[in-house]
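Single-structure report; data block below.
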There are 2 protein chains.
Amino acid sequence: MEYTVQKLGLMAGISTRTLRYYDEIGILKPARINSSGYRIYGQAEVDKLQQILFYRELGVSLENIKDIVNDPSFDCLKALGEHREKLIEKRKQLDLLIANVDKSIASLERKISMTDPEKFEGFKQKIIDDNEKKYGKEIRAKYGDEQVDRSNKKFKSMTAAQYTEVEKLGADVLETLKAAMATGDPAGELAQKVADMHRRWLCFYWDHYTKEAHAGVARMYVDDERFAAYYDRMQPGAAVFLRDAILIYTGMDSQE
Amino acid sequence: MEYTVQKLGLMAGISTRTLRYYDEIGILKPARINSSGYRIYGQAEVDKLQQILFYRELGVSLENIKDIVNDPSFDCLKALGEHREKLIEKRKQLDLLIANVDKSIASLERKISMTDPEKFEGFKQKIIDDNEKKYGKEIRAKYGDEQVDRSNKKFKSMTAAQYTEVEKLGADVLETLKAAMATGDPAGELAQKVADMHRRWLCFYWDHYTKEAHAGVARMYVDDERFAAYYDRMQPGAAVFLRDAILIYTGMDSQE
DNA sequence: ATACACCTTTACGCAACGTAAATGTCAATG
DNA sequence: CATTGACATTTACGTTGCGTAAAGGTGTAT
């Protein structure tokens, strides 16, 4: 039995375009081309197409299907196993994404009270006041009144969405820091990523980033026991590790 | 504070290409363009970018992000909720896919014994023999010896992979049939899909498909109580429902 | 002859950029 | 002052798996 594109497509439940595409990428070539240039498929091609569609339904890429069906000695089981791994990984990512969306929704719902301008302003003011009480003297001594006031002003001008974002970023920094500490290498990829995230986090408060200031903050995290306590609370040595990572990140580790 | 593409990209952790792209699609336009044609971003753009990246990390499409960030009165909560629904749906699909891959792997592992040529040949021969015993007389009377022999020959020439596939397709037909019966409409979309799947299933056995033959098989499913029992076992009335769906599918429902 | 259903190739479109290539600008250096 | 190197610009192809024209040839029936 011989088939043209349409007949085969009708039989397999796919479009003629798909068949032409499969021919184009070399995954299913017709048995022959007739005198008018028509693609003619035979039984062997029907069977091969069924194999192709089988793997396609499992979400295998055509690229991989090509290898599977063109090489009869190909280890399908291994290919499917690897494919499964990829799908599992994908699902893990998706779960994470969903969890994050849930968190964000919850955070936004809490933020509804923040959307109330007065409340949110008061909320931010309280955070600034608390911060001033806790660290005010140190940071004003270190950075000067002007810097600190500018930072506070920037914080006060934050929208609710930005506040949500900075909160999340702060949490992410801690989380990634923990993972980075497990590697034990402040110069490693993960630790440098933490430093980078920390820089971005700072940028929410600073209107002007410099490596020097970043390194200065890092040193303060260790020198000031209240900052140290904040980070070490998560894991002992976290403040030191973060400082070292940031010093390397900023390139300020050699000129101590 | 003003930023060029690179400065802003560095700060936000994205590429300059991305920033140009965001400008191109109108989701983040620079505050102004300087005399040399450089894009210059201000604080407002930094903040907006942070919003954009926030939603991007949650997997929201740029198209949707555009609506969210450009319209301050936009209901973010609703958007995120809908996004969540889409993700959940995606995960459901993925779970299904993984389950199918698992099934296929299990089936392939069983097939390892089938890959043993002798065993598989014997296996297929047994199925043919069983089939001949059960339905041989009826189908030979209905379709003639030649047809039946050709069908058997095609079955015998099946590879293990094809056998796995036809088994799966057969199971899928039953499953979808069940769902279609719940709708109660043999002319409905789902029932017609069942008829289509059934046609594809037949094509594994037939080397020549005709609507007439398809309709004939459908009628036989009801007339022969052993076939009827096979389908009705799943749900009473399944054979009749399948027949009606196929008759409509083949367009043979009016010329009875 | 012509209508109509089929076939062909070529090619744009989708999403979110990566990755050149070709060219212009800015600041610093020999 | 010319050159260098790090920036900037635009244009455009590539990615995946086809859908969807457009422009034209083929096959068969009326």
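Naming convention: chains lettered A, B, ... in sequence-line order (proteins, then strands); numbering from 1 in each chain.
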Of the listed dC7(C), dG18(C), dT25(C), the closest approach to the Ser36(B) side chain comes from dT25(C)
Is there a side-chain contact between Gln6(B) and the phosphate of dA6(D), meaning an N or O under 4.0 Å from OP1 or OP2? no
Minimal non-hydrogen separation, Thr18(A) against Arg56(A), with atom names: CG2-NH1, 4.2 Å
For residues Gln43(B) and Asp47(B), is any side-chain donor paired with an opposing acceptor at under 3.5 Å? yes
Presence of salt bridge, Asp196(B) and Arg199(B), under 4.0 angstrom: yes
What's the NZ-P distance between Lys90(A) and dT16(D), to the nearest Å? 13 Å
Quick one: on DNA chain D, does Arg39(B) or Glu63(A) contact a more 5' nucleotide (nearest heavy atom)? Arg39(B)
Taking the side chain as everything from C-beta on, heavy atoms only, tell me whether Arg84(A) gets closer than 4.5 Å to Leu58(A). no
Please state how far atom CG in Leu53(B) lies from atom C1' in dA16(C), giving the value in whole angstrom units. 13 Å
Whole-Å distance between dA16(C) P and Leu62(B) CG? 4 Å
Nearest listed nucleotide, side chain of Tyr38(B), among dT26(D), dT9(C), dT25(C): dT25(C)
Measure CD1/Ile14(B) against P/dC17(C) and give the value in whole Å, please. 8 Å
Ignoring hydrogens and geometry, is there a side-chain-to-backbone donor-acceptor pair from Asn70(B) to Lys66(B) under 3.5 Å? yes
In whole angstroms, the gap separating P of dC7(D) from CG of Leu8(B) amounts to 15 Å
Can you sort out which residues in residues 16-31 of chain B have a heavy atom within less than 4.0 Å of DNA chain D? Ascending by number, please. Arg17(B), Arg20(B)
Distance test, side-chain N/O of Ser15(B) to OP1/OP2 of dC17(C), below 4.0 Å: no
Describe, in one word, how the ring planes of Trp201(A) and His198(A) are oriented to each other, choosing from parallel (under 30°), tilted (30 to 60°) and perpendicular (over 60°). tilted
Starting at atom CG of Asn34(B), determine the distance to atom P of dA8(D), rounded to an integer number of angstrom. 11 Å
Within the 4.5 Å heavy-atom criterion, are Tyr249(A) and His214(A) side-chain neighbours or not? yes
Between C1' of dA16(C) and CD1 of Ile52(B), the distance in whole Å: 14 Å
To the nearest Å, how far apart are Leu10(B) CG and dA6(D) P? 15 Å
